[in-house]
Number of protein chains: 2
Amino acid sequence: MDADGFDLEQFLPFRLNRAAEFIALRFAASYRAQYGLTRPEWRTLAALGSSGRMTATEIGVHSTMHKTKVSRAVFALEERRWLKRSRNGGDRRVEQLELTPAGVAAYGEVAGLARAYDAELAELLGEEGIEALSLGLSAVERAIASRRA
Amino acid sequence: MDADGFDLEQFLPFRLNRAAEFIALRFAASYRAQYGLTRPEWRTLAALGSSGRMTATEIGVHSTMHKTKVSRAVFALEERRWLKRSRNGGDRRVEQLELTPAGVAAYGEVAGLARAYDAELAELLGEEGIEALSLGLSAVERAIASRRA
DNA sequence: AATAGACAGTTACGTTTGAAACCATATTGA
DNA sequence: TCAATATGGTTTCAAACGTAACTGTCTATT
């Protein structure tokens, strides 16, 4: 710890970022190698796969992704015919996004990788590690939700 | 949760990444606005400020940063005269990196921001939240350390 | 010694990123 | 009813990024 009372090793943003980077990187390598997906693409696919139907803005808020990232990921997934857009509702600025059957199938496959990685993580971190982490993340999630209000 | 048993909302890499992004982004905005530092630059400055003297490779391992990121951050900090290099030891490939007095001073100032943000976080997440998160991150850190072995 | 491989760090190059400007549509309020 | 302003999403452009190839040095094998 420094003279001025700041300790990098205890600084949460640093620790969180390092941990997230480490964990995400290893998983990204696998979906990247097998499906050629980028991180924003996988995250968009997963958001739609698990929530069914969302707008681009909703995806961004839900996953904390910049809107241009979402916009490009949506475009890429659309090009693969994994996603379709529609401007249904009264507000014609808004695009409803949804996976195509091919997209749903793809999502299922990548979700398989995800489950495998999850199991690997469970072993790597141990049960108490997982539980503590999950609890801590819930606190952050509450904070995110309240900050948005 | 999906038919195939994968639940994005429970998937640790996703939750961790979202949390880290959210928390890092707000902090990055402040050191960026006040000192014009990029994320790798702040992280490099902080690593040296708190550990005193490291090589580029050590910084990369310690902070999980790609070596080209470290290389560029070191260059940028050197340009600002916040950092100096020296090839002391027997191995002339290795560069010992160290902050200049100006660098130490700058580090002290940004560390002030960091402490303020830390306090803000403590309030935002609550004591139990912080503790659980810290415990969980320790598990990840052990995993990182063991993976490297 | 001489050669091959490993390793620290940099550079070149194509890709990804985000801030800001943009377009189109909605909403507000004068 | 018509500005003025806000919002969803895209595009532009300069900066940041990572892969792969590079330089220089070290180590191991012969």
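Every chain is numbered from 1 and lettered A, B, ... according to where its sequence line falls, protein lines coming before strand lines. We use all heavy atoms of the structure for the numbers below, so side chains are in, but hydrogens, waters and symmetry mates are not.
For the side-chain contact (heavy atoms from CB on, under 4.5 Å) test, residues two or more places apart in sequence or in another chain that qualify with Leu137(B) are Leu12(A), Arg15(A), Leu16(A), Ala19(A), Leu133(A), Leu133(B), Glu141(B). Glu9(A) meets the salt bridge (Lys or Arg N to Asp or Glu O under 4.0 Å) test with Arg18(A); sequence neighbours excluded. Among residues two or more places apart in sequence or in another chain, the side-chain contact (heavy atoms from CB on, under 4.5 Å) test is passed with Ala102(B) by Trp82(B), Thr100(B). Here Arg80(A) pairs with nothing under the side-chain hydrogen bond (donor to acceptor under 3.5 Å, both in side chains) rule; sequence neighbours left out. Here Gln96(B) pairs with Arg53(B), Thr55(B), Ser86(B), Asn88(B), Val94(B) under the side-chain contact (heavy atoms from CB on, under 4.5 Å) rule; sequence neighbours left out. Listed by chain and residue number, Glu78(B), Glu95(B) satisfy the salt bridge (Lys or Arg N to Asp or Glu O under 4.0 Å) test with Arg85(B) (two or more places apart in sequence, or in another chain).
Atom CZ of Arg43(A) and atom P of dT17(C) are 11 Å apart (whole Å).
Arg87(B) comes within 4.0 angstrom of no nucleic acid atom, judged by non-hydrogen atoms across all strands.
Nucleotides of DNA chain D with any atom under 4.0 Å from a heavy atom of chain B span, from 5' to 3', dA16(D) to dC26(D).
For DNA chain D, no neighbouring residue in residues 29-39 of chain A is found when judged by any heavy atom under 4.0 Å. Contacts between residues 66-76 of chain B and DNA chain C, counted as heavy-atom distances below 4.0 Å, involve Lys67(B), Thr68(B), Ser71(B), Arg72(B).
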Throw together a table of side-chain donor-acceptor distances under 3.5 angstrom for residues 64-76 of chain A, partners on residues two or more places apart or in other chains.
| unit_1 | atom_1 | unit_2 | atom_2 | d |
| --- | --- | --- | --- | --- |
| His66(A) | ND1 | Thr68(A) | N | 3.1 |
| His66(A) | ND1 | Thr68(A) | OG1 | 3.0 |

Donor-acceptor contacts under 3.5 Å from residues 21-31 of chain A side chains, at least two apart:
| unit_1 | atom_1 | unit_2 | atom_2 | d |
| --- | --- | --- | --- | --- |
| Arg26(A) | NH2 | Glu120(A) | OE2 | 2.7 |
| Ser30(A) | OG | Phe27(A) | O | 3.1 |

Polar pairs (N or O, both sides) under 3.5 Å between protein and nucleotides 24-26 of chain C?
| unit_1 | atom_1 | unit_2 | atom_2 | d |
| --- | --- | --- | --- | --- |
| dT25(C) | OP1 | Arg92(A) | NH2 | 3.0 |
| dT25(C) | O2 | Arg93(A) | NH1 | 3.4 |
| dA26(C) | OP1 | Gly90(A) | O | 3.0 |
| dA26(C) | OP1 | Arg92(A) | N | 2.6 |
| dA26(C) | O4' | Arg93(A) | NH1 | 3.4 |
| dA26(C) | O4' | Arg93(A) | NH2 | 3.3 |

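Contact check for Ser50(B) versus Phe6(A): no side-chain heavy atoms found under the 4.5 Å cut-off.
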